Amino acid sequence: MKVKLLQLAKVPKRTSFFGLLTLCLFLIIALTTDIAAQEITVKGTITNEAGEPVPGVAILIKGTTSGTISDIDGAFVQDVSGPEAVLQVSSVGYRTQEIAVGSQTQIDVVLVEDITALGEVVVVGYGTQKRSDLTGAITSVSPKELTQLPLARADQAIQGRTSGVYVLNSDASPGGETIIRIRGLNSINGGNQPLVVLDGLQGGEPLLRTVNPQDVESIEILKDASATAIYGSRGANGVILITTKHGKMGKPVIDANVSVGIQSLARKLPVMSAAQFANYHNAMAATNTGGGNTPILPFTDAQIAEFESPSYGFGTDWQDVIYETGVLQNYNLGVSGATDKLKYNVSTNYLDHKGILKGSSYDRISLRTNLAADITDWVDFGMNYMFTKETYKSPAFRRREGISFTAQAINVAPRWAATEPVYKEDGTLNLFHNPQYGANDTWNPLASATEPEMDRPTYRNNVNLFLNFDIVKGLSLKISGGAILVNAKERDYYNLNTNEGYANNGAANLRDANSEDYQNSNILTYTNTFADKHQLTVTGGLEQLYGKWYTTNTTARNFIVDQLGYNNIGGAQFLTTASYAGERALLSYLGRVNYVYADKYLATFTYRADGSSVFGEDNKWGYFPSASVAWRISEENFLTGSSVVTELKLRGSWGKTGNQAIDPYQSLARLYSEPGDWGPDYPYNGISPTNTGFAIGGLANPNLKWETTTQTDIGLDLSLFNGRLTSTIDVYKKVTDDLLMDRELPGYIGISSIIDNIGSIENKGLEILIGGDPIVGNVRWNTSVNLTANRNKVLDLGTDERISYSASFGGYSMSNDFMILEVGQPYGTMLGWEFLGIWGTDEAEDARSYGQLPGDIHIRDVDNDGDVDLDDRVIIGNGYPDFTWGWSNLLTYKNLELSFLFMGMQGVDLFNQLRIRRESYEANDPRVLNYWTPENQDTDQPGLIDGAYRESQNLTSTVYVPGNGRGGEVSKWVEDASFIRLKVITLAYNFDRSILSKIGFNKIRVYFTGTNLWTITGYTGYDPEVANFTEQDATIGVDLSAYPPARMYTFGLDLTF
Amino acid sequence: MEKIKITKMKGLMFVGIVFFLLTFGCVSLEEEPKDFPSPENFYKTEQQVISALTGSMGRLYSQWDNYSYPWGAFHTDYDATANLVFEASHNNWIWRAHYGALAILNNVIQALDEGKTEVSEAKKNELMAQAKFLRAFNYFSLVRGYGDVPIITEETDIVAGEISRQPISQVYELIISDLGVAYDYLPEEWDPALAGRPSKDAARALLAKVYLTMATAPLKDASKAQLARDMAKEVMDNGIHSLVPDVHDVFALNNKLGPEFMFSFNATPDDIATPPQIWLPWTMANGWSDFSLKKAWTDAYPDQPRKYAYMIMEDWDGTPYEDYSNAPNLRKYVYNEREDMERLQSWPNIPILRYADVLMMFAEADNMVNGGPTQAAVDAVNLIIDRANDGVANPNHPRTTTSMSQAEFDAAVIQERCYELFFEFDRWYDLIRKEILCDVWDDQPDVGPNCNEYDYLWPIPQADLRLNELMTQNPGYTTPD
């Protein structure tokens, strides 16, 4: 392996890949300028859509080899044979235009950026390629798409715009994480996050989240094995390559962008008014007559009269109490430029986001410097440096951070009664709910939102340096080294007004997490063309990555003085401290051969060998090959002259990639200690302080290794009518074997499981991308539709037939397995009881056989054995969509620009867990007012049945479902969460260049954007898009009350001078 | 031309550098643990052994977990939620928790056996005695709940092969052998700072309980009654443990390490038990009543001071329970201050062995040995009855007498155990070993019909059956295909 690479490296001088491109360009220029048969002289200027001059554009007379290129001011002069001549104007990254000369002598051309341009250069792993030379499935997001929108984050730019990529906001909190899945879910425990590579620096999701979208030149998404196998054991989940902007030749450009957005809660859950609530709860309590009880009614007649009086109004609307108007401000300033020897791009960004949930905010300060310099004519040097400081604050939601579910404002607010005041009469917060009804274990949601004190800055330094040597013509060596250094601090204090603080007499958490990741890549690239027809590029090299982290956690409880908080943990009576550390290393050898014959037949072979520290003693090395071929049918003689088909390419690839995203030391036998109430600590001596305990953390597995994904892809690229209609279609099949899973051990071993390579999962999919320009001319319409369908199936789970996940936090009577992975079933499968409605009076006999009465919930007895128990559960839903799609549009008319993006999912279910609470004994959802009575039988809400009457019927219930079906894993809570959403719409105006130049500006653009303005969905929770991701892919589809999304209106201004 | 030559030369030099890098990548792929010990390097010091014993108890008892929130496990007649419907997963956690603790203890015992721990012989024996006491306790819980169980000791090579269930009698052999070591080497008393650890009296009491269980169902080895009686008598004669005189103070927090409590699941202010809300009615600290008493049972409970000491008959505002609840709630584990309870803080110990239990074990065994109640047996039980009545004769709950028949006295003792020890870890096992499980539900139509002979043993977890062909299921429960 090593020797081969070196032999390749020593092959002597030829032209470099870029050299070849340049050479081609110069050849064209040289040839075209030499020929002379002038009759008319045409002049003109070439500008881009922003009105900026574009130098270096080729202007060719169609059908000849003569032409010219535009100069630094975008100007050109060309003699043509006569009015019948047609000019072909082309430039990399822009659509080729043909202009009939006619009687014109002044032809000004506005170039249209070509998002799917075939001539464009695409960034691939460890190099670049012409798009036309690609044999793999790679999707690009162009800067055009990135800058059209006032995006705070680059990850949002991918959403809805590309096929094969599933982008979800895991929550809509300011700075919340985005979940990106490329081509389905391959892994159960190894993680499904794609590898993110920022200017060659390899890292995770934070790279994508923290990079300022204004700095991004392009985003490439590598999907098939041909494209990703070069990343070996980190490539199985796809790779996202981000390239940031470099300075461009010309005078310095100063960019300034400002935008301000106003946010509000997109959708409020309906709740009962105080009067409705009091009446319903009294009616419910009145049924409590069993066992000779006299019912105790929670509300007196006087209270009800008060609630019903018009002056009382609705009561407390807790959602209004905890949500407010959010404000997002984004400021950006950048300077870029280039001289002969030096390219520079420096920018700074400040983002300040106050969320719609009180107490939540995110701000980010970032600084980026990109430098590239020619040291000599054969050595150049570059540096990318990025510093960011992010500060994230949010009250807890879902089940983050171990905050009790009783104190999660988002979950609790729609459960608290309108009858509850926010403040007590003495002006202090009304911390506890009246315990006589409903959610008496919950905490005042306003206090939960606003009382915790938090300071959570994260500092990131990303630096990447490279030296590039053009050793001989055609052979270059790039040595790069980089580091990602992260320091994340958390300082939280929960005072006596919070649930956590109250329970612990003040509670503080301090966390200091540090990580250092280093990377070194040494890549040799050789490129050459033999006999004009054989174009060869060989890439090979070594890469090594090393990472380590160390974290300290301190929790403090029982504070003598409440006010000092986390600044005085010495004043706390109980302190627990823990620290963690670890390291991991990866050593890799990689190689790639690209071969193109006559621009027609293309082949790519890649190979990577990865040695990873995290795997077992006996399995340290993994090997990942791939091969792909492509045929540009449009280059065949029978199509070269076609006026319809511009490009037609058929691609096929096969390869293996791996996933080693697993924590270190899993292959070693280990003991562990863990402070806190749940670990092995225990007061063995009987008195404080608690004794430190050690327990067995895991058993040794020297065979542990990476997961392997074998992927086959067949794709078609089509471009018609000079690129006015383009399409890319891919079908793929992936099988992931050797899944890293916890192999269950018999209970008598004493350790529940050992991590092992068992199991297998399959993903199959279809991706369609169609783009085009249905209207050109004064009014232009550019549109693009993408559609993705992924089908996932568990093939093997080793010794298990089924793995289950509870997917709930406490208090929902969901103690049974709910989300399951089962052989033959896809990810996201929900297991539970089927809700058949409410027993009607005409079904009294059937109901009675289950110990039920008319008005009770009817759950399907699948096996007809007379009881409804665990054996009667069936698959009641799936949280993974059948299809995802997006439709993006850009309409321009003169200086006006209208863009909008629709996106959606079809065939996806969500388990609306909050309904269990809101529709059972807590009853705050107005739906329950439609409860069953003998007169109102057409309802899905159970009746209020008198306890004494029930007792008199002498029934023993055989429905072993929590709350007789009012709680637990019942299909009633599964809702179709398909949606169609107008994700974003922007109206922009570009001021005329002619006006701007007088006042010293190159560009002024003003825009107005609406986000999440319109949604069609049948889902009745907060939001169908945000809700369905929990921390485990296998539990996708359970709405655990994540931070709901906001509707946003943004005004922005872009200035360039 | 000159220049190009230099370029080439330097280029070749860099190729040389790359050759170097390609050959030697400088990262190491070997793993050295950073933040945890590997088992080979552990159990070297006394403290490390103690931390493992601690971990074994932590496996059984932590907030919201296992024995800290266990009551759904024991479907006893005083428990409002008991229904005797046992799914195949019923009480799997008990199996896993005890075997989890045993895995840790076996490592400790093996390390001590191999002399890995660098301590004196006396210290080693003391550590071994603690480890074996705990191992005996874990196996005792398993054998009573599941019957035949796999015996895994420090000598078992789990990796080597599959293991089958061993007869109950063999499990008891191991328990008695382990308790013999505990008996020999545990100290009579620990330093007050270590008072939560098992003492020699705890070993005696546990031995008494083991023998008494062996003397009753399912083994019914009558010869063990004498041994049970003698062991209990040793505790009584030893004078270290005694009844707390005032029944209202039995569960007071300052009595949680003695004189009556002998060995318990411990909780402390910095390692609290599951929040007290699980016990409380909604009028007290927003209680949840997760574990509450059955109305029929509390109605039948004799009206005596003990009832007010062990049950919440009225809330903090003096409201009688009838006004807010069906039945009184349990008071035993909510002796913290009101302020603490409102803050979800509680740190009672839940006794595993306490002196009242020893007195009644003595009485029960003595009655078996002598064919009827002796004065000593009657005195032992009457100590508890007198305390329950605050020393005043109470027609609702009279003393036992020597004129009772053997069967009458036996029934009285078992009933007294229920009144005194309810919501500790005894009633279920009493119902099993006295074979009266279904009898106590006779007049309760909501539960009674669910009772059957299979309920005497819990199901073996499905995973164990699925992963080991040699494992067998207890009758009445499903076996995976």
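These values consider heavy atoms only, across backbone and side chains, with no hydrogens, waters or symmetry-generated copies. Keep in mind that this is a model prediction, so the values were computed, not measured. Lettering follows sequence order; numbering is per chain, from 1.
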Inset, instruction - Start with the C-alpha gap between K620(A) and E30(B), add the side-chain angles, then the distance that decides, and say whether salt bridge (Lys or Arg N to Asp or Glu O under 4.0 Å) holds. - result: CA-CA 9 Å; K620(A) 288 286 186 202; E30(B) 294 310 306; 5.4 Å; no
Legend entry - Heavy-atom pairs under 4.5 Å with chain B, option from D871(A), D869(A), T376(A), I296(A) with the top count: I296(A)
Inset, instruction - Work out which heavy atom in L496(A) is nearest to a heavy atom in R343(B); give both atom names and the distance. - result: CD2-NH2, 4.0 Å
Inset, instruction - Name the region of S264(B), side chain, backbone, both or neither, that has any atom closer than 4.5 Å to a heavy atom of chain A. - result: backbone
Legend entry - Interchain contact, W288(B) with chain A, by part (heavy-atom threshold 4.5 Å): side chain
Legend entry - For the student: nearest non-hydrogen atoms of Y665(A) and E31(B), plus distance: N-OE2, 2.9 Å
Legend entry - For chain B, the option from G582(A), G686(A), S752(A) that forms the most heavy-atom pairs under 4.5 Å: G686(A)
Inset, instruction - Kindly compute the distance separating CD1 (I696(A)) from CD1 (I104(B)), expressed to the nearest 0.5 Å. - result: 5.5 Å
Inset, instruction - Heavy atoms only: give me the nearest L668(A)-P33(B) pair and the separation to one decimal. - result: CD1-CG, 3.9 Å
Inset, instruction - Can you see which heavy atom on Q345(B) is nearest to which on N504(A), and at what distance? - result: NE2-OD1, 3.4 Å
Legend entry - Distance in Å, N685(A) CG paired with N266(B) CG, rounded so as to fall on 0.5 Å steps: 9.0 Å
Inset, instruction - Looking only at non-hydrogen atoms, find the nearest pair between Y682(A) and F265(B) and report the distance. - result: OH-CA, 3.3 Å
Legend entry - Top contributor to chain B interface from T294(A), L955(A), N505(A) [non-hydrogen pairs under 4.5 Å]: N505(A)
Legend entry - Residue among S688(A), P683(A), P689(A) satisfying side chain to side chain contact (heavy atoms under 4.5 Å, CB included) with D271(B): P683(A)
Legend entry - Under the ring pair (Phe, Tyr, Trp, His ring centres under 6.0 Å) test, residues paired with Y502(A) that sit two or more places apart: F432(A), W443(A)
Inset, instruction - Look only at the side chain of E744(A) and the backbone of A463(B), and say whether a donor-acceptor pair between them is shorter than 3.5 Å. - result: no
Legend entry - Where I687(A) and T268(B) come nearest, the two heavy atoms and their spacing: C-CG2, 3.5 Å
